[in-house]
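We count ligands from 1, going down the list as the structure has it; atoms in each ligand are counted the same way. Remember, it's a predicted structure, so these values are computed and weren't measured experimentally.
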Amino acid sequence: MGTLLREKQVVTSTCPIEARKGALEVLTMLRDAGYETYFAGGCVRDRLLSAAPTEYDIATAAKPEEIRNIFPNAKSVGEAFGVMLVRNNEFMYDVATFRSDGEYKDHRHPTNVTFTDAKHDAQRRDFTINGLFEDPVEEDIIDFVGGKDDLHARIIRAIGDPHQRLADDHLRMLRAVRFAANFSFSIETETADAIREHASQLSGISKERIGGELRRMLTHQNRGVAVWELQYLGLDVPILGEQSILTAPTRVGRLPASSDFPTALAAWIIDRHSSEGDVQTIANLWRTQLLLSNHEFSALQEILTLHTALATWETLGVAKKKRLASAPRFPSTLAILQAEDRPMFVFVKQAIAKLFKTGLAPDPLLNGDDLIAIGVPPTSALGTILDAVYDAQLEGGICSKEDAISLAKVIADDILSDNDR
Ligand code: ATP
Ligand code: MG
């Protein structure tokens, strides 16, 4: 529930056993003071899915001031909403009073909340699988919303009326897709219909939030399913600011599991736009739309440039092939090629293995100082000469420093006498 007000705190340790032990201590202190208290939401779901949560949310009957009486150092991260942050060893826990949300003001945040009981607190949560409580002492799951059955049947279902719940908070549409894809669940029909109906309204949600959800989907190994669902439900339109496209995202779907965000974005751009040509223009639009960082954007641009160059592989000389194959982002580009044209991928891989034998990116035989030492004036021509000598080295035309110096002299004479003319 912490996402109501902010991103979740990052814990300094990821040890699931320690995280649970710490959560149990916090829960016990609240119970010892007489307050009904449970683990709640995602941590309960993940444990039932046999994942080991490292992030625990604790839901309690204690009001914020009562939580502070027990944990004097508790930080208020939204006292009006009943959310306090309690530190125990290196872990931070959201401790939140059972609440019902009031009216939603901006399709994201309720205007007020009313402190209630566990049952009503379950009902204000988004999906049935996220509406479970765990009593870790009795080893019991408390289920007011049918979440256990849906977990078992692998279904994402809005709690209550899906239209109302998704209209209240549009971010829930993206959460539905993320959970469905990441857990390989399906979205129940009425919930899916409601998403399709409200999809266009997602543009009201901040780009940071949308980008954050998209990052989590595209860096997960089930990214192909996520992208397919986004397109199928019409969420690609507000997310990307484009027309709906239903073309199967085959490249995205076939990427290696550990592919990063820029690689997945590049694969998705090519899946959606390669037939029209200018993918770099689209990348520029996505940069603004998804608030890509400079690092993400330059990686995306490089992958797309390399992908275009790779299409001309057979026409390239040895030096160009070696330069291409040793570019930092070439592995991402090769992963996309593998997803789109397996025979070509095998062909390129074999060619690279051969090129590798003579060095893909050997240390250059010459540097700028060497050129200056043989009397080349320190002008912009230095870079051109070094590039040409390095090309000759990559082609295997020169193998020693002496060869390199002789060649550099010839090229330098050429360039400098051209300049004199
Ligand atoms: P994950 O941490 O993997 O994103 P999560 O379900 O734990 O999944 P959190 O953002 O940590 O997500 O939220 C914890 C719980 O708070 C959820 O399980 C859910 O019960 C509730 N919750 C979170 N966001 C919303 C929302 N937008 N609307 C309603 N309930 C929400
Ligand atoms: Mg969580």
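- Atoms of ligand 1 lying under 4.0 Å from at least one heavy atom of Arg216, given by number and element, are 1 (P), 3 (O), 4 (O).
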Problem - Arg87 and Tyr93: CA distance, side-chain angles, deciding distance, side chain to side chain contact (heavy atoms under 4.5 Å, CB included) verdict - result: CA-CA 6 Å; Arg87 187 184 188 103; Tyr93 299 98; over 6 Å; no
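- Close contacts of ligand 1 with Phe179, meaning ligand atoms under 4.0 Å from a residue heavy atom, involve 6 (O), 8 (O).
- Geometrically, ligand 1 and Cys43 share no nitrogen or oxygen pair separated by less than 3.5 Å.
- Comparing heavy-atom distances from atom 17 (C) of ligand 1 across Arg175, Arg172, Arg45 singles out Arg175 as nearest.
- Taking the ring centre of Phe39 as origin, the terminal cationic atom of Arg20 falls outside the region bounded by 6.0 Å and 45° from the ring axis.
- A heavy-atom separation below 4.0 Å is not found between Phe127 and ligand 1.
- For ligand 1, the atoms lying closer than 4.0 Å to a non-hydrogen atom of Glu55 are 2 (O), 11 (O).
- Under a cut-off of 6.0 angstrom, the local environment of OH in Tyr232 is sparse, with at most 12 non-hydrogen atoms contributed by other residues, nucleotides or ligands.
- Distances below 4.0 Å separate heavy atoms of Arg178 from the following atoms of ligand 1: 1 (P), 3 (O), 4 (O).
- Note on Glu55: counted as a metal contact of the Mg ion (ligand 2), an N/O/S atom lying under 2.8 Å.
- To the nearest 0.5 Å, atom CZ of residue Arg157 and atom CG of residue Asp149 are 9.0 Å apart.
- The shortest distance between side-chain heavy atoms of Asn130 and Phe179 falls below 4.5 Å.
- Ring orientation note: the planes of Phe98 and Tyr38 are tilted relative to one another, at an angle of 30° to 60°.
- In this comparison of Leu171, Asp126, Asp169, Asp121, the heavy atom closest to atom 31 (C) of ligand 1 sits on Asp126.
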